[in-house]
Amino acid sequence: MAVETVTPAERANAAKLGPAANEKDAEKLRFIEEMTSNPDAVQKNVLAEILTRNAETEYLRRYDLGGATDRATFKANVPVVTYEDLQPEIQRIANGDRSAILSAHPISEFLTSSGTSAGERKLMPTIKEELDRRQLLYSLLMPVMNLYVPGLDKGKGLYFLFVKSETKTPGGLTARPVLTSYYKSEHFKSRPYDPYNVHTSPNAAILCADAFQSMYAQMLCGLLQRLDVLRVGAVFASGLLRAIRFLQLHWQELIQDIAAGSLTAKITDPSVRAAVTEILKPDPELAEFVAAECAKGDWAGIITRIWPNTKYLDVIVTGAMAQYIPTLEYYSGGLPMACTMYASSECYFGLNLKPMCDPSEVSYTIMPNMGYFEFLPHGDGYDADKAAAQQLVDLADVEVGKKYELVITTYAGLNRYRVGDILQVTGFYNAAPQFRFVRRKNVLLSIESDKTDEAELQKAVESASALLRPYDASVVEYTSHAYTKSIPGHYVVYWELLTKGSAAVAEALARDGVMEKCCLAMEEALNAVYRQSRVADGSIGPLEIRVVRGGTFEELMDYAISRGASINQYKVPRCVSFPPILELLDSRVVSAHFSPAPPKWSPRRRTEEN
Ligand code: AMP
């Protein structure tokens, strides 16, 4: 993309949001206008506010700001950090130290990120008032959507939303994912009635910690109100596909309940039973209709066949989720997919002001009131980390076409913290830059919210290949692929083996089920988010090892070189998605093996168990 210069006047002439669907929306849209019109001033105030309130924290005192709250002093004194740098402070808070270490306001809980450190979810400290800030960002989404899709007050949204398990840190603070925290908050549970934002799922179903009961109840309620449904969604694309898979597996039970008007005994949670029973009446006609649709071998367009009034899917399909776009298109018959917001456990960032655009065009506008944002120039090729460490760019100063890594300073006490997301500036709305989500740094494999990097994959392969040693066999080369053609998706790892006395060794390996054990050993070595998705959520399928015949990786190199790679610099790609390469690998597979059992996982962190 070419770098272009946009004058403030040109930016000011950008189209205004409107007309709003109602007065409440108008107020929210005015807020967006205000925030995006002068992001630099807002950012200056946000930083001053954060530095003023956290001036006496142990962390900021270390950097001698001397009461200064300006950007120059802050940038000159406070270092850019990663999670690992903050680990000692975070551990102290987790262990119960209540002094003002990072934040002057008490840490109310930890949010467990899907990003990991040493194999465990990162713990992000948060404070009570952050809930208000998140709520504020949520409140902007429907007013923007209403600009593009009229009539959303005439029906409901079928959203598959889930809570996950939570734990306590040794010091007694709750640790749970940010969405679990939000759904369990009064902001969500006691939200005022808004005709534009009515869900088919009762709160009790969303808040039920049992994944099966929660999904069953939400699906049943969605079927019962099928003609009211105007939008279908989940947070991420993978979540919506899991719901479709659930329907494939359980439609027979669901239609029995619908026909009889009575809820299966499998739903044991009393509050879920009460909420579902309230709307469940015998409806043999509906049962027959759903059965007829589901019994058809072909599930193409199933979403619009069952919920014919659906105008769009509300799911994130940017970043790692882009791999699910073709499958969602298939099941929805090509409905638009709206990616409405961009957020993380550390901080909620912003929203998509054109939510009905094509997924490839999605840009997020960071709301300058959410935190203080800086941008580390990101180059392809040179060590941008070092070169640019001293030259972080402010939100208002980023340039169109350039890529940056996001660095945040939050009200909850993260200072100049590297999130690990790479963003590219696509343009401006008013004076606020808009960003395409490029990728998360160092992620090799991802099926759902799991993020496996190269080092983790390497460690898993090493740990599993130890099982081959007694057989005089070893792994000479490997690569991997996130297989998402089936639901749930799973990791495929291609192994080329070196065996001495091939036939006998192969026989012994097969006899002892060694390759299957290797699959499980790899899973055991992967991070907690992966293992939780496998065990508690069932959102990742068993890991598969495909053994390829000797010489395959050399062929892979030949192929890369024929396409212009340099022989000297060639490195085996540790993850592949390019179809011709996958075809080559698959055509050389001699045997395929799956993990025979789920790996170990418990809500408790392994570090605490030791
Ligand atoms: P977590 O900390 O588990 O909440 O994960 C947050 C991360 O998810 C972000 O830092 C991004 O890498 C990713 N993410 C969140 N929203 C989006 C989005 N709209 N598009 C692409 N990736 C996203």
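Every number for a ligand or one of its atoms is a count from 1 in the order of the listing.
The protein heavy atom nearest to atom 5 (O) of ligand 1 is S114 OG, 3.5 Å. Here the protein heavy atom with the shortest distance to atom 17 (C) of ligand 1 is Y342 CD1, 3.7 Å.
Under the 4.0 Å criterion applied to side-chain N and carboxylate O atoms, R531 and E523 are not assigned as salt-bridge partners. In summary, K402 and E399 engage in a salt bridge, as defined by a charged side-chain N under 4.0 Å from a carboxylate O.
Of the possible donor and acceptor atoms, one in the side chain of T36 sits under 3.5 Å from a partner among the backbone N and O of E33.
Of all the atoms in ligand 1, the ones that sit under 4.0 Å from a non-hydrogen atom of V419 are 10 (O). Residue contact check: R440 has heavy atoms under 4.0 Å from atoms 7 (C), 9 (C), 10 (O), 12 (O) of ligand 1. Short contacts between ligand 1 and S344, defined as distances under 4.0 Å to a heavy atom of the residue, involve ligand atoms 4 (O), 6 (C), 10 (O). If you number the atoms of ligand 1 from 1 as listed, the ones under 4.0 Å from a heavy atom of S345 come out as 1 (P), 2 (O), 3 (O), 4 (O). Under a 4.0 Å criterion applied to the non-hydrogen atoms of S113, ligand 1 contributes the atoms 2 (O), 3 (O).
When the heavy-atom distances from atom 8 (O) of ligand 1 to A343, G319, G115 are ranked, the shortest goes to A343.
Between Y364 and F349, the ring center distance fails the sub-6.0 Å criterion. Aromatic pair Y138/Y182: ring centres closer than 6.0 Å. Taking the ring centroids of F373 and F435, they lie at or beyond the 6.0 Å cut-off.
Residue-to-ligand polar distances place D421 within reach of ligand 1: an N/O pair is separated by less than 3.5 Å. The N/O atoms of T318, backbone and side chain alike, include one that comes under 3.5 Å of an N/O atom in ligand 1. Residue Y364 has at least one N or O atom closer than 3.5 Å to an N or O atom of ligand 1.
By the salt bridge (Lys or Arg N to Asp or Glu O under 4.0 Å) test, D40 is found to be paired with R71, residues two or more places apart in sequence or in another chain being considered.
Using a non-hydrogen distance threshold of 4.0 Å, M341 registers as a contact of ligand 1. Using a 4.0 angstrom heavy-atom cutoff, F349 does not count as in contact with ligand 1. Under a 4.0 angstrom heavy-atom cut-off, S449 registers as lying outside contact with ligand 1.
By the 30° and 60° cut-offs, the orientation of the rings of Y404 relative to F375 is perpendicular.
Note on residues 314-341: no pairs pass ring-ring contact (aromatic ring centres under 6.0 Å, His included), not counting sequence neighbours.
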